Amino acid sequence: MRKSPILQLYKSKDTVFTTREIALIWREDNVARLKNKIKYYLDKGDLISLHRGVYAKADYNIQEVGVQLYKPSYISFETILSQAGMIFQYYEKVFVASYLSREIVLKNNQKIKYRKLKNDILLNERGIQQNNGVATASAERAFLDMAYINPNYYFDSLAGIDWGTCLELVKIYKNKSLEKLVKNYQKQYA
């Protein structure tokens, strides 16, 4: 007995899918049939269209969308800094480190802001964790990402930073000014 196509998606731990991923899961190589099936589940409300060629379950994770749209990428900057208590401002956007700079507004008006990092930095996995299929920066990596792109950024609290980890991770950036900045912050907060 063949499983329902939507059930196959809902059994996946992922909440966001590209058209290509849906085709692989459904083993559908006929483009017209694939589009018709997707449209059917969109019309029924079982799938949500977020962006051209990107679909989600009803309970999707916005951070998963962020890393799914442009790869390679990982959640960083204000999103992680806020979660770690280093900044107190609330942002509705999700901030993502990527190979390009761009802001995306999803069909439901949620926003994702991509900030460009050099490939040497972006592709280095040190300080990046996988959480439920979403690559996220550690607090130290997000702090360094932000200090790298904006050396004058104001951090509300750096009390939770592991300075030993920071001093190891700062080498990824190959930037003497950033190393000096991190050492100055360490003197202030350690």
Side-chain angles (χ1 to χ4, degrees), residues 12-18 21 50-51 54 56 59-104 106 110-190:
S12 170
K13 65 176 176 40
D14 297 330
T15 64
V16 180
F17 307 92
T18 63
E21 290 168 336
L50 295 174
H51 195 65
V54 179
D59 62 342
Y60 72 92
N61 176 346
I62 183 66
Q63 291 186 6
E64 188 179 343
V65 178
V67 297
Q68 187 73 285
L69 287 177
Y70 298 103
K71 296 178 184 179
S73 61
Y74 59 89
I75 306 300
S76 188
F77 306 111
E78 290 94 330
T79 301
I80 300 298
L81 295 173
S82 177
Q83 290 172 1
M86 287 189 252
I87 60 172
F88 303 148
Q89 299 87 334
Y90 171 75
Y91 294 95
E92 289 187 2
K93 296 177 188 173
V94 172
F95 293 88
V96 183
S98 184
Y99 62 91
L100 50 73
S101 293
R102 180 168 295 168
E103 186 165 317
I104 299 293
L106 301 178
Q110 290 180 305
K111 295 177 181 155
I112 303 170
K113 181 157 180 94
Y114 294 88
R115 290 194 177 122
K116 183 177 182 172
L117 290 177
K118 292 191 298 188
N119 282 344
D120 292 356
I121 299 165
L122 182 65
L123 299 176
N124 192 310
E125 294 180 1
R126 291 175 54 207
I128 307 295
Q129 305 118 356
Q130 292 291 329
N131 298 320
N132 297 325
V134 179
T136 58
S138 65
E140 291 77 14
R141 177 75 183 253
F143 162 71
L144 292 168
D145 286 346
M146 183 58 84
Y148 176 73
I149 66 160
N150 186 355
N152 297 318
Y153 191 82
Y154 177 77
F155 300 93
D156 294 304
S157 173
L158 294 177
I161 287 280
D162 179 330
W163 293 104
T165 300
C166 265
L167 292 172
E168 279 303 308
L169 290 175
V170 76
K171 296 172 188 171
I172 295 168
Y173 300 83
K174 299 174 185 163
N175 184 305
K176 295 293 180 195
S177 296
L178 181 61
E179 287 180 31
K180 185 177 176 183
L181 181 66
V182 169
K183 287 177 184 174
N184 287 338
Y185 274 122
Q186 181 186 21
K187 285 176 191 170
Q188 282 181 275
Y189 291 95

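What you are looking at is a predicted structure, and each value in this text was computed from that prediction instead of being measured. In this chain, numbering begins with 1 at the start of the sequence shown.
- Contact annotation: the side chain of Gln186 never approaches that of Leu158 to less than 4.5 Å [non-hydrogen atoms, C-beta and beyond].
- For the salt bridge (charged side-chain N to carboxylate O under 4.0 Å, His left out) test, no residue two or more places apart in sequence or in another chain qualifies with Glu64.
- Between the CG atom of Leu106 and the NE2 atom of His51 there is a distance of 7.5 Å, given to the nearest 0.5 Å.
- For the pair Leu50 and Ala56, the tightest heavy-atom approach, listed with the atom from each and the gap, is CD1-CB, 3.5 Å.
- Taking every heavy atom of both residues into account, Phe17 and Ser12 meet most closely at CE2-OG, 3.9 Å.
- Counting heavy-atom neighbours within 6.0 Å of Glu125 CD, excluding the residue itself, gives a total of 12 or less.
- Put simply, the side chain of Tyr185 does not reach to within 4.5 Å of the side chain of Cys166, judged on heavy atoms.
- More than 12 heavy atoms of other shown residues, nucleotides or ligands fall within 6.0 angstrom of atom CG in Asn131.
- Under the 4.5 Å side-chain criterion, counting only non-hydrogen atoms from C-beta, Leu144 is in contact with Tyr173.
- Although no hydrogens or angles enter the test, the distance criterion places no donor-acceptor pair under 3.5 Å between the side chain of Asp14 and the main chain of Val16.
- Here the CD1-CD1 distance, from Ile121 to Ile172, works out to 8.5 Å after rounding to the nearest 0.5 Å.
- A donor-acceptor pair is defined here as one N or O able to donate and one able to accept, closer than 3.5 Å; no such pair exists between the side chain of Tyr153 and the backbone of Tyr148.
- If you take CG on Leu169 and OG on Ser138, they are separated by 5.5 Å, rounding to the nearest 0.5 Å.
- Counting only heavy atoms from C-beta outward, the side chains of Trp163 and Val182 approach each other to under 4.5 Å.
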For residues 70-88, tabulate all N or O donor-acceptor pairs below 3.5 Å that involve a side-chain atom, not counting sequence neighbours.
residue, atom, partner, partner atom, Å
Tyr70, OH, Arg102, NH1, 3.0
Lys71, NZ, Gln68, OE1, 2.7
Ser73, OG, Val67, O, 3.3
Ser73, OG, Tyr70, O, 2.6
Tyr74, OH, Arg141, NE, 3.3
Tyr74, OH, Arg141, NH2, 3.1
Tyr74, OH, Asp145, OD1, 3.3
Tyr74, OH, Asp145, OD2, 2.9
Ser76, OG, Asp145, OD2, 2.7
Glu78, OE1, Arg115, NH1, 2.6
Glu78, OE2, Arg115, NH2, 3.1
Thr79, OG1, Phe95, N, 2.8

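- By the neighbour-count criterion of 12 heavy atoms within 6.0 Å, atom CD of Glu92 is sparsely surrounded, having that number or fewer from other residues, nucleotides or ligands.
- In this structure the side chain of Lys116 never reaches within 4.5 angstrom of the side chain of Ile149, judged on heavy atoms.
- At least one side-chain heavy atom of Ile62 sits less than 4.5 Å from a side-chain heavy atom of Ile112.
- The minimum heavy-atom distance between Ala147 and Leu181, with the atom names listed, is CB-CD2, 4.0 Å.
- Taking NZ from Lys13 and CG from Asn61, the interatomic distance works out to 11.5 Å, rounded to the nearest 0.5 Å.
- Separating the NZ atom in Lys111 from the OH atom in Tyr91 is a distance of 13.5 Å, to the nearest 0.5 Å.
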